[in-house]
Amino acid sequence: MAAAGLVLAIIAGSLLFSVRAQEYADIGFLQAKLILVMVGTLSALVLHNNHGAQLESASEARLRGHAVLSILCWIGALVCGRMIAFATT
């Protein structure tokens with residue numbers, strides 16, 4: 001479900017970006033958002049690749065560390081996405 005939501009968000013974001021791509025490309029908040037989404041996504045992929053789909057072999061410390069990173073990435077991406085509106089003219 002999370003993967004489907006991510007794919008939908010990427011498609012919708014790409015469509016929104018395409019409207020004024022030249023203007024949006026220079027906005028620091030968009031660049032930060034893209035980095036945060038990429039880090040959050042890659043982190044989840046690496047975790048699942050290393051410990052299986054159900055994460056049975058992952059230690060509790062590893063899961064907690066990933067949870068903190070994930071929360072920071074996704075909340076940061078949401079905040080940056082909202083700030084894009086304030087950065088455009």
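Heavy-atom basis, side chains included; hydrogens, waters and symmetry copies ignored.
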To the nearest 0.5 Å, tell me how far [X] [atom1] sits from [Y] [atom2].
{"X": "Tyr24", "Y": "Lys33", "atom1": "OH", "atom2": "NZ", "value": "11.0 Å"}
{"X": "Asn49", "Y": "Leu42", "atom1": "CG", "atom2": "CG", "value": "11.5 Å"}
{"X": "His48", "Y": "Ser43", "atom1": "NE2", "atom2": "OG", "value": "9.0 Å"}
{"X": "Ile27", "Y": "Met83", "atom1": "CD1", "atom2": "CE", "value": "11.0 Å"}
{"X": "Cys73", "Y": "Ile35", "atom1": "SG", "atom2": "CD1", "value": "11.0 Å"}

Which residue in the set Leu30, Val37, Leu36 passes side-chain contact (heavy atoms from CB on, under 4.5 Å) when paired with Cys80?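 That would be Leu36; it is the only one of Leu30, Val37, Leu36 passing the side-chain contact (heavy atoms from CB on, under 4.5 Å) with Cys80.
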Among the clusters formed by ILVMFWY side chains lying less than 4.5 Å apart, do [X] and [Y] turn up in the same one?
{"X": "Phe86", "Y": "Val19", "answer": "no"}
{"X": "Ile75", "Y": "Leu34", "answer": "yes"}
{"X": "Val39", "Y": "Val79", "answer": "no"}

With distance as the sole test, does Ser70 use its side chain to make a donor-acceptor pair with the main-chain N or O of His66 at under 3.5 Å?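 Not confirmed, Ser70 side chain does not pair with His66 backbone.
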Any donor-acceptor N/O pair, Thr41 side chain to Met38 backbone, under 3.5 Å: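 Such a contact is absent between Thr41 side chain and Met38 backbone.
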May I ask you to check whether over 12 heavy atoms, not counting those of Phe17, lie within 6.0 Å of atom CZ?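 More than 12 heavy atoms, drawn from other residues, nucleotides or ligands, come within 6.0 Å of this atom.
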For Glu60, all residues meeting salt bridge (charged side-chain N to carboxylate O under 4.0 Å, His left out), sequence neighbours excluded: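 So Glu60 forms a salt bridge (charged side-chain N to carboxylate O under 4.0 Å, His left out) with Arg64.
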